[in-house]
Q: 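After the structure tokens below, expect a handful of questions from me.
From a predicted model like this one, the values you see are computed outputs, not experimental measurements. Keep in mind that the numbers below use all heavy atoms, side chains included, and drop hydrogens, waters and symmetry copies.
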Amino acid sequence: MKKYFHIIFILLFALPESGFCKMEDAANGKFINVLDYGVLADSKNDQTAAIQQIIDQATEEDTVFFPAGLYLIRTIHLRSAVHILSEGTLKHHNSAKIGEFSIEKQNSPNPLILGDQVKNIRISLRGESKNEGIYLIKSHQIWIYNTELTGDSTKLRSYPGIMTFQSSGIEIANSKIHHFGKPRAETHSYQPGTGIRILSSNTISIHDSEIYKNGENGVFIHGSRKVEVINNVIHRNGMSAIQVAFGDTGKEKDYNFSFNILEENASDAIDINNRSQEKAKDIECLITENISCGNGFVNGIATPDGSGIATLINVSNVIIYKNEAYRNNRPAIYLESCGLILAKKNWADNEVEITLDLQELLLDQNRFSSINLIANTKAKKIHIRGNTIGSLSLPNGIQVEEFLIENNRFSNASLNLNLQGRIRLVGNKIENKSTNPAILITKADHARIVKNDILSQNSSAIILRKTAENVHIIENHIHSFNTAIFDDSSSHLLIKDNVLTSILGGPENQTFRSHFPKQLKMEGNEHIGIENSVSVLFVGKGTASIENEKITLGKVNYGEVKLND
């Protein structure tokens, strides 16, 4: 846990301003108006050669300027330290070779703008592209700002709006990237067309931009490190707003996805999916203060995806802080085979879902509809603290070596404790409206239920099966419609310093009932039963130790049980 707090301090209290790869202002170069050098605006002819000649003859820190108008081109090649500024629109000429994206051929023959092994360039333009808008290969220190790139919304297999490969120090700011690819039409299939595609790159900043209506992901990151996506609006894309995928180089680390609006994307808000062989990879990722809404639908029909805050698969060292999620299709947070995860002060109208292996999870001061552990969950440590939750689903047979449920508020909980591992319920406010018990203990290693406030309106509050052993129920306030605590012959049960109150109307109004008790110990409890009814009832033979019990209302019937006072 020390590692968590170290990361929180660094990331939450010392966050850099967005744009960690900002360049210094360009030196005073020449301002070159392309219309002064033979380029024609609003011409039907290809202007590539004339424009390229101007760029090739410019000197370092010159700015090539395109006034208002339409400039038809095939591909413009960037040169290091020669900047591009356009008020007009650069658009593909009909002679440009149009390709289709595939895994085998991920770049086109004619991107609108191509930077190949260039550096120190500022780009601000409007572009309309049939292929990539801007493609950067092995390029460094490129600032793309106040740019709008429009793709071909009729294209089924589109190239991305901006793509980087083996590049670094790339900043995309105050820009719009949209309509790269045909809109997704099917819930179970999608087609290529990404807003921004980051491949094998590092030190990338995407901020204060709008990325929308692309065929696939808003931002796709593969095999890359040190990427921030901050303060953007990413909406109505055909897959996730932000997706991180993993290669075999192990470079995936240091991500910051914060302050974004992630809305109505057809898949997840944020999808970080490590299918590599490296188990629970440490990625040092911060996901904070994003707002997501309506993800996981195509034309109003649910897709298989749509997490509200994040889907995390086989990753570790992720902090999820102060995010909000509304009306998304799938769980707010989905965790599969993860390492260290901290989720704090998030608000969502749906659930957290946990499956397969888990090293350590802290859920702190969140609000979720429910927390659901899937039946095959195997966790080292889960700490659920200070949350407001509807329910907590614990199916039979899960394994949690250390499980602490502390100071939460459950609005409709029916907790099934039939698991391997040590479990503690401490200081919770538990309300149960169902006909199942608030807490059913079938199996748990030395379970401790301490200082909880439990209201069970239609059933017993706590039921212990005979397979439960060494359970301690201490200093709880329990109000129950049926028997407050029903012990079905569990072994070495301790009931101490509780206040047990019966609610009139239940078929069995005992505050405590034990069948064939096995070394039961009761000490210092107060029983507020029903007048003229049995409050404490023992059935059958057994052994029990009774000390300082207070019967405020009701009667006692110890039957044939041997008492060791």
Side-chain angles (χ1 to χ4, degrees), residues 308-309 320 324-325 331-333 335 343-354 358 361-375 377 379 381-396 398 400 402-419 421-444 447-464 468 471-486 498-501 503 506:
I309 295 174
I320 306 169
E324 297 182 22
I333 300 174
L335 304 177
K344 182 171 184 177
K345 293 187 177 180
N346 301 284
W347 192 104
D349 60 4
N350 58 359
E351 68 271 13
V352 174
E353 192 167 284
I354 302 163
L358 176 65
L361 170 66
L362 171 60
L363 296 174
D364 186 17
Q365 301 174 60
N366 304 283
R367 182 174 178 180
F368 299 117
S369 65
S370 63
I371 298 172
N372 304 327
L373 278 68
I374 306 304
T377 300
K381 183 176 181 179
I382 297 177
H383 189 177
I384 301 174
R385 179 179 67 198
N387 302 278
T388 299
I389 311 166
S391 61
L392 173 61
S393 175
L394 305 173
N396 293 338
I398 62 174
V400 184
E402 185 178 348
F403 202 160
L404 177 58
I405 304 168
E406 178 185 17
N407 297 331
N408 302 282
R409 184 183 182 96
F410 293 94
S411 61
N412 191 20
S414 181
L415 306 181
N416 173 40
L417 307 186
N418 186 4
L419 53 85
R422 298 170 64 88
I423 188 164
R424 304 286 183 271
L425 275 79
V426 180
N428 301 283
K429 187 175 179 62
I430 301 173
E431 184 173 350
N432 175 36
K433 302 182 182 72
S434 76
T435 55
N436 297 315
I439 302 172
L440 172 62
I441 306 175
T442 303
K443 181 182 179 183
R448 301 293 183 265
I449 302 173
V450 181
K451 294 184 178 179
N452 301 282
D453 189 345
I454 304 173
L455 171 61
S456 190
Q457 296 178 333
N458 297 295
S459 64
S460 296
I462 301 175
I463 294 179
L464 300 101
V471 176
H472 290 187
I473 302 174
I474 302 173
E475 294 185 49
N476 301 279
H477 284 73
I478 301 175
H479 291 70
S480 181
F481 177 74
N482 257 8
T483 304
I485 301 175
F486 172 44
N498 301 279
V499 178
L500 308 175
T501 304
I503 298 174

Q: Checking the side chain of N366 only, and the main-chain atoms of A343 only, is there a donor and an acceptor separated by less than 3.5 Å?
A: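 Such a contact is found between N366 side chain and A343 backbone.
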Q: Sequence neighbours left out, what passes side-chain contact (heavy atoms from CB on, under 4.5 Å) with K451? Give chain and number order.
A: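 With neighbours one apart ignored, the set is E475.
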Q: Say you draw a straight line from CG of L425 to CG of N452; how long is it, rounded to the nearest 0.5 Å?
A: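 The CG atom of N452 is 5.5 Å from CG of L425, to the nearest 0.5 Å.
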Q: Do I454 and N432 have side chains that approach each other closer than 4.5 Å (heavy atoms only, starting at C-beta)?
A: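 In short, these two side chains do not touch, never coming nearer than 4.5 Å.
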Q: Is the closest side-chain heavy-atom distance between I503 and T501 below 4.5 Å?
A: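 No, too far: nothing below the 4.5 Å cut-off.
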Q: What donor-acceptor contacts under 3.5 angstrom involve side-chain atoms of residues 435-442, with partners at least two apart or in another chain?
A:
none

Q: Using the test side chain to side chain donor-acceptor pair (under 3.5 Å), find all partners of N458 that sit at least two apart in sequence or belong to another chain.
A: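 Not a single residue meets the side chain to side chain donor-acceptor pair (under 3.5 Å) criterion with N458.
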Q: Looking at N498 and N476, would you say the former's side chain and the latter's main chain have a donor-acceptor pair under 3.5 Å?
A: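 Yes: the side chain of N498 pairs with the backbone of N476.
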Q: Between S460 (side chain) and T483 (backbone), is there a donor-acceptor pair under 3.5 Å?
A: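 Yes, the answer is positive, given that a donor and an acceptor are paired below the 3.5 Å cut-off.
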Q: Who pairs with A332 by side-chain contact (heavy atoms from CB on, under 4.5 Å), at least two apart in sequence or on another chain?
A: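 Scan of A332 (side-chain contact (heavy atoms from CB on, under 4.5 Å), adjacent residues dropped) gives I309, A348, N350, F368.
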Q: Quick one: does any side-chain atom of N416 pair with a main-chain N or O of L394 as donor and acceptor, under 3.5 Å?
A: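 Between the backbone of L394 and the side chain of N416 there is a qualifying donor-acceptor contact (under 3.5 Å).
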Q: Go through the structure and list residues passing ring-ring contact (aromatic ring centres under 6.0 Å, His included) with F486, not counting sequence neighbours.
A: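 Result, ring-ring contact (aromatic ring centres under 6.0 Å, His included) vs F486: H515.
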Q: My understanding is that only residues two or more places apart in sequence, or in another chain, count here; which of them pass side chain to side chain donor-acceptor pair (under 3.5 Å) with D364?
A: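 So D364 forms a side chain to side chain donor-acceptor pair (under 3.5 Å) with R385.
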Q: At their closest point, which heavy atom of A461 faces which heavy atom of S456, and how far apart are they?
A: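 For A461 versus S456, the nearest heavy atoms are CA-CB, 3.8 Å.
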Q: Give a yes or no on whether the backbone of R409 and the side-chain of N428 come within a donor-acceptor separation of less than 3.5 Å.
A: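 Not at all, since once roles are kept as given, no pair shorter than 3.5 Å links the two residues.
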Q: Using atom types as modelled and distance alone, determine if a side-chain donor or acceptor of T377 lies under 3.5 Å from a backbone N or O of I398.
A: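 Checking the backbone N and O of I398 against the side chain of T377, no donor-acceptor pair under 3.5 Å is found.
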Q: Run the salt bridge (Lys or Arg N to Asp or Glu O under 4.0 Å) test against E406 and tell me which residues pass, sequence neighbours left out.
A: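 Here no residue qualifies.
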Q: Taking only residues two or more places apart in sequence, or in another chain, which ones meet H472 in a side chain to side chain donor-acceptor pair (under 3.5 Å)?
A: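 Applying side chain to side chain donor-acceptor pair (under 3.5 Å) to H472 gives R448.
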Q: Considering residues at least two apart in sequence or located in another chain, which fulfil the salt bridge (Lys or Arg N to Asp or Glu O under 4.0 Å) criterion with E324?
A: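 None.
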Q: Taking atom OG of S369 and atom CG of N412, what is their separation to the nearest 0.5 Å?
A: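 Separation between the atoms: 11.5 Å.
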Q: Going from CG on L417 to CD1 on I463, what distance comes out if it is rounded to the nearest 0.5 angstrom?
A: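 Going from CG on L417 over to CD1 on I463, the span is 12.0 Å.
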Q: Could you tell me which residues satisfy side chain to side chain donor-acceptor pair (under 3.5 Å) with T388, sequence neighbours excluded, listed by chain and number?
A: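 Testing T388 for side chain to side chain donor-acceptor pair (under 3.5 Å), a comparison that skips the adjacent residues, returns none.
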Q: Ignoring hydrogens, what is the shortest heavy-atom contact between Q457 and F481? Give both atom names and the distance.
A: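 Scanning both residues completely, I find the closest heavy atoms to be O-CB, 3.2 Å.
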Q: For V426, what residues pass the side-chain contact (heavy atoms from CB on, under 4.5 Å) criterion, not counting sequence neighbours?
A: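 Applying side-chain contact (heavy atoms from CB on, under 4.5 Å) to V426 gives L404, R424, V450.
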Q: Counting C-beta onward and ignoring hydrogens, is there a side-chain heavy-atom pair between S411 and E431 closer than 4.5 Å?
A: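 No, their side chains stay 4.5 Å or more apart.
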Q: When you compare the side chain of I382 with that of L373, does any pair of heavy atoms fall below 4.5 Å?
A: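 L373 vs I382: side chains touch.
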Q: In the structure I gave you, are the side-chain heavy atoms of I384 and I389 within less than 4.5 Å of one another anywhere?
A: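 They are in side-chain contact.
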Q: Could you walk me through whether I473 and L464 satisfy the side-chain contact (heavy atoms from CB on, under 4.5 Å) test, starting with their C-alpha distance in whole Å, then the side-chain angles of each, then the deciding distance to 0.1 Å, before giving a yes or no?
A: CA-CA 11 Å; I473 302 174; L464 300 101; 4.2 Å; yes
Q: Tell me, do K344 and Q365 make a side-chain contact under 4.5 Å, heavy atoms counted?
A: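 Yes, side chains in contact.
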Q: Output yes when a side-chain donor or acceptor of N407 lies under 3.5 Å from a complementary backbone atom of G386, and no otherwise.
A: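 Answer holds: no.
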Q: May I have all residue pairs that pass salt bridge (charged side-chain N to carboxylate O under 4.0 Å, His left out) and include part of residues 453-462, sequence neighbours excluded?
A: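 Those involving residues 453-462 are K429-D453.
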